[in-house]
Number of protein chains: 2
Amino acid sequence: MFAIGEASRQSGVGIETIRYYEREGIVPKPERASNNRRMYSPQDIGRLRFLKKCRELGFPLADARTLLKLSEGDSEDCQSVMDLAEHHVLNVRDKIKELERLEAALIELTANCDSGNVSCPMLSQLRTR
Amino acid sequence: MFAIGEASRQSGVGIETIRYYEREGIVPKPERASNNRRMYSPQDIGRLRFLKKCRELGFPLADARTLLKLSEGDSEDCQSVMDLAEHHVLNVRDKIKELERLEAALIELTANCDSGNVSCPMLSQLRTR
DNA sequence: CCTTGATCCTGTAGTGGCTACAGAAGTTAT
DNA sequence: ATAACTTCTGTAGCCACTACAGGATCAAGG
């Protein structure tokens with residue numbers, strides 16, 4: 001059993017974040033030692049690591065929570081996992097498209113800018129109605 | 001002079017957002033009519049439209065504010081505008097890269113998933129230490 | 001004139017997902 | 001014994017809005 005600092009080190013999840021996950025009911029409340037300190041089992045730390053990976057993959061915390069539950073359920077509902085993941089991939093692709101659109105727009109806006117200009121073409125463009 | 005609803009319609013900036021920009025000092029406080037209602041000049045509405053465009057380009061609000069000030073300053077500091085824009089483009093590119101990395105990772109994770117599986121390959125992978 | 005509905009006002013709280021304190025108490029190392 | 005570390009609870013801040021609540025005011029129709 002490990003104190004929260006050690007659990008944080010082993011899982012890569014910050015101390016404050018671990019307590020936050022507990023408050024939010026994302027992970028079960030850990031045991032407490034006689035001095036009131038949280039004590040984490042290897043399984044608890046496994047959960048934190050799982051959540052960390054989900055978050056690194058960009059899943060919303062609510063999804064990460066769902067995936068954790070699916071992972072601990074009796075039957076692994078592969079279909080539900082895939083649905084979540086595919087929905088998330090679609091979101092990611094949408095974001096990529098949006099950012100590429102932004103990138104192109106920004107490049108076009110700054111295309112005619114150079115330091116010698118009296119009036120800035122980008123500002124002019126932003127002012128047009 | 002226009003009431004806030006009309007200013008919102010003309011600028012595309014939501015009513016609550018307009019009041020928020022005022023609270024935050026992003027835009028100057030508008031005149032008030034005798035009944036205490038905010039009254040917006042065409043110039044005020046122009047500012048809101050300017051901010052809207054900046055936000056649509058993904059600039060943080062603080063940058064949008066800076067751009068607005070640059071736009072209203074005596075000399076248009078094209079260099080400062082470019083610096084802001086280029087910094088922002090770099091951020092956008094970083095985000096794109098990160099999202100592409102996520103997309104690839106998600107696809108790989110779900111590659112071996114299909115509905116007939118007893119245990120889910122993606123969950124197994126997320127559980128590995 | 002009266003009602004209905006739209007608009008506006010202020011102030012506050014919620015979103016997501018942490019992160020950063022403050023102030024107290026306990027633990028560990030020298 | 002003292003210093004330095006860790007943990008505890010509780011609260012507030014981040015970004016950029018968004019969504020109320022509860023009240024005042026206004027415009028249009030009957």
Side-chain angles (χ1 to χ4, degrees), chain A residues 1-27 29-40 44-45 47-68 84 87-88 91-92 95 98 102, chain B residues 1-27 29-40 44-45 47-48 50-68 87-88 91-92 95 98 102:
Chain A
M1 302 289 276
F2 309 95
I4 197 168
E6 186 57 26
S8 171
R9 248 164 271 131
Q10 284 187 36
S11 65
V13 180
I15 290 177
E16 314 266 15
T17 306
I18 293 175
R19 290 197 278 245
Y20 169 73
Y21 286 172
E22 181 185 334
R23 274 201 304 286
E24 296 298 305
I26 313 289
V27 294
K29 298 194 177 195
E31 285 184 49
R32 295 286 184 135
S34 56
N35 55 11
N36 195 36
R37 297 193 171 186
R38 293 169 178 83
M39 297 304 289
Y40 293 88
D44 288 331
I45 292 170
R47 282 195 197 95
L48 292 171
R49 231 181 338 237
F50 185 99
L51 291 172
K52 179 104 210 283
K53 286 188 188 158
C54 292
R55 297 291 297 125
E56 282 174 354
L57 286 166
F59 284 102
L61 190 52
D63 285 5
R65 179 188 198 165
T66 302
L67 287 170
L68 180 58
L84 262 181
H87 186 251
H88 179 43
N91 272 340
V92 168
K95 279 185 192 153
E98 171 68 8
L102 285 192
Chain B
M1 302 288 276
F2 309 95
I4 196 168
E6 187 57 25
S8 172
R9 247 163 273 130
Q10 285 188 33
S11 65
V13 179
I15 290 178
E16 313 265 16
T17 305
I18 293 174
R19 290 197 279 244
Y20 169 73
Y21 286 171
E22 180 185 334
R23 275 202 304 285
E24 296 298 304
I26 313 289
V27 293
K29 299 194 178 200
E31 283 184 50
R32 296 285 184 134
S34 56
N35 55 12
N36 195 37
R37 296 192 171 185
R38 292 168 178 82
M39 297 305 288
Y40 294 89
D44 289 331
I45 292 171
R47 281 193 198 100
L48 292 171
F50 184 99
L51 290 172
K52 180 104 210 283
K53 286 188 189 156
C54 292
R55 296 291 297 126
E56 282 174 353
L57 287 166
F59 283 102
L61 190 52
D63 285 4
R65 177 188 198 163
T66 302
L67 288 170
L68 180 57
H87 186 251
H88 180 42
N91 272 339
V92 168
K95 279 185 191 154
E98 172 68 6
L102 285 191

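What you see is a predicted model, and the numbers here were worked out from it, not measured in a lab. Chain letters run A, B, ... following the sequence lines, proteins first, then strands; residues in each count from 1.
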Is the shortest heavy-atom distance from the side chain of B:E22 to the side chain of B:R38 under 4.5 Å?
-> yes
Can a donor-acceptor pair under 3.5 Å be found between the side-chain atoms of A:R37 and the base atoms of D:dT6?
-> yes
How long is the line joining CZ of B:R38 and C1' of C:dT7, in whole Å?
-> 13 Å
Do A:K95 and B:K95 have side chains that get closer than 4.5 Å, going by heavy atoms?
-> no
Between A:L57 (CG) and C:dG17 (P), how many Å, whole number?
-> 14 Å
Phosphate OP1/OP2 of D:dT25: any B:R32 side-chain N/O under 4.0 Å = no
Expressed in angstrom and rounded to an integer, what is the separation of A:F59 atom CZ from C:dC18 atom P?
-> 14 Å
Check: A:R49 and A:I45 side chains under 4.5 Å, non-hydrogen atoms | yes
Taking OP1 and OP2 of C:dG26, is either one under 4.0 Å from a side-chain nitrogen or oxygen of A:N36?
-> no
Under the side-chain contact (heavy atoms from CB on, under 4.5 Å) rule, what do A:Y40 and A:I18 come out as? Steps first, then yes or no, please.
-> CA-CA 11 Å; A:Y40 293 88; A:I18 293 175; 3.3 Å; yes
Rounding to a whole Å, what distance do you find between A:M39:CE and D:dT6:P?
-> 15 Å
Sidechain-backbone polar pair: B:S11 side chain, B:A7 backbone, donor-acceptor under 3.5 Å | yes
Tell me: CD of B:E31 to C1' of C:dC9, nearest whole Å?
-> 18 Å
Separation of D:dC17 C1' from B:K52 NZ (nearest whole Å) = 13 Å
With a 4.5 Å heavy-atom cut-off, do B:Y20 and B:I26 have their side chains touching?
-> no
B:I4 versus B:R37: any side-chain heavy-atom pair under 4.5 Å?
-> no
Whole angstrom is fine here: how far is it from CZ in A:F2 over to P in D:dT7?
-> 13 Å
For DNA chain D, the residues among residues 14-24 of chain A that have a non-hydrogen atom under 4.0 Å from it | A:I15, A:R19
Where each residue is assigned the nucleotide of DNA chain C containing its nearest heavy atom, which of A:L61 and B:E6 is assigned the position nearer the 5′ end?
-> B:E6
Taking only the side-chain heavy atoms of B:N35 (C-beta and beyond), determine which of C:dT10, D:dC26, D:dT7 contains the nearest atom.
-> D:dC26
Rounded to the Å, how far apart are B:R9 CZ and C:dT7 C1'?
-> 9 Å
